[in-house]
Amino acid sequence: MDVISELGRLGLMPVVEIPDASLALPLGRALVDAGLLCAEITFRTTAAADAIRILRGGCPELLVGAGTVLDAEQVDAAIAAGAAFLVAPGFNPGVARHARVRGALFVPGICTPSEIEAARASGCHVLKFFPAEAAGGVAFLKAVSGPYRDMRFVPTGGISPANLANYLALPQVIACGGSWMVPKQLIAAGDFVTIGRLAAEAVALARAAR
Ligand code: 3PG
């Protein structure tokens, strides 16, 4: 599977913070039922690797990646769990190198031109623009698309139904990341009905925007 094309087709990357791996399967099913066939499971909780493993086994329709991958150990743990891609909030050359050696698709975070160049030099061509709204939003992406024509972005941070379409309208945006359709409070409460509704709304907005 071409992960980048698949992400581009979906246009959305839900950023998931899961407190307990037992919540992974109902969450995955809610996303699949809503037509949101992707999830970035962040290593902000110790349940992340187990959750990725469970989703890979139990929700084969879902494109499952790892998020908040901050060091080489987490790269290895994410790959061992079956993550299809790895995301980080910033650009760490050591982590990028390790992910490349391991053959993983690594999407590091950037929010300045210098970081874009450092990531590009390390072989990364799809970058998480984080924190998107706080760091200049759509105007930043339009400005950097002049010099960095071979780079593609996954803006994340402060994206919501109100501004999603503005980002997805940009050709350099592959998909938008965000937690608005998978709020951690709803995951912890097991409210997968509301998550399914939010996810379905996001899918409809993304389709209309593309
Ligand atoms: C992330 O790390 O990607 C962010 O926490 C997601 O940002 P959001 O919560 O503003 O969507």
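In each ligand, atom 1 is the first atom listed, and ligand 1 is the first ligand listed. Just so it is clear, the values below take in all heavy atoms, side chains as well, and ignore hydrogens, waters and symmetry mates.
- The residue Met181 has no part lying near ligand 1, judged by heavy-atom distances below 4.0 Å.
- With respect to atom 11 (O) of ligand 1, the closest heavy atom belonging to the protein is Ser179 N, 2.9 Å.
- Annotation for ligand 1: atoms under 4.0 Å from non-hydrogen atoms of Val15 are 1 (C), 3 (O).
- Proximity of a side-chain donor or acceptor of Glu117 to a complementary backbone N or O of Ser114 within less than 3.5 Å is not detected.
- For atom 6 (C) of ligand 1, the nearest protein heavy atom (residue, atom name, distance) is Thr156 CG2, 3.7 Å.
- Looking from atom 1 (C) of ligand 1 to the surrounding protein, the closest heavy atom is Arg44 NH2, 3.2 Å.
- Glu133 and Tyr167 share a side-chain donor-acceptor pair at under 3.5 Å.
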### Query
Would Thr156 and Val15 count as a side-chain contact (heavy atoms from CB on, under 4.5 Å) if you check the C-alpha gap in whole Å, the side-chain angles of each, and the deciding distance to 0.1 Å?
CA-CA 9 Å; Thr156 309; Val15 177; 4.0 Å; yes

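- In terms of protein heavy-atom proximity, atom 10 (O) of ligand 1 is closest to Gly158 N, 2.8 Å.
- Scanning all protein heavy atoms for the shortest distance to atom 7 (O) of ligand 1 gives Gly157 CA, 3.4 Å.
- Side-chain atoms of Arg210 come within 3.5 Å of backbone atoms of Gly8 as a donor-acceptor pair (strictly under, hydrogens ignored).
- Side-chain atoms of His98 and Asp76 form a donor-acceptor pair, as typed in the model, at a separation below 3.5 Å.
- Of the heavy atoms in Lys128, only side-chain atoms (C-beta onward) come closer than 4.0 Å to ligand 1.
- Residue, atom and distance of the protein heavy atom nearest to atom 4 (C) of ligand 1 are Phe130 CE1, 3.7 Å.
- Heavy-atom proximity to Gly178, at under 4.0 Å, picks out these atoms of ligand 1: 11 (O).
- Of the possible polar contacts, none joining the Glu6 side chain to the Asp2 backbone as a donor-acceptor pair under 3.5 Å is found.
- The side chain to side chain contact (heavy atoms under 4.5 Å, CB included) with Leu55 is formed by just one residue from the set Ile41, Val32, Leu31; it is Ile41.
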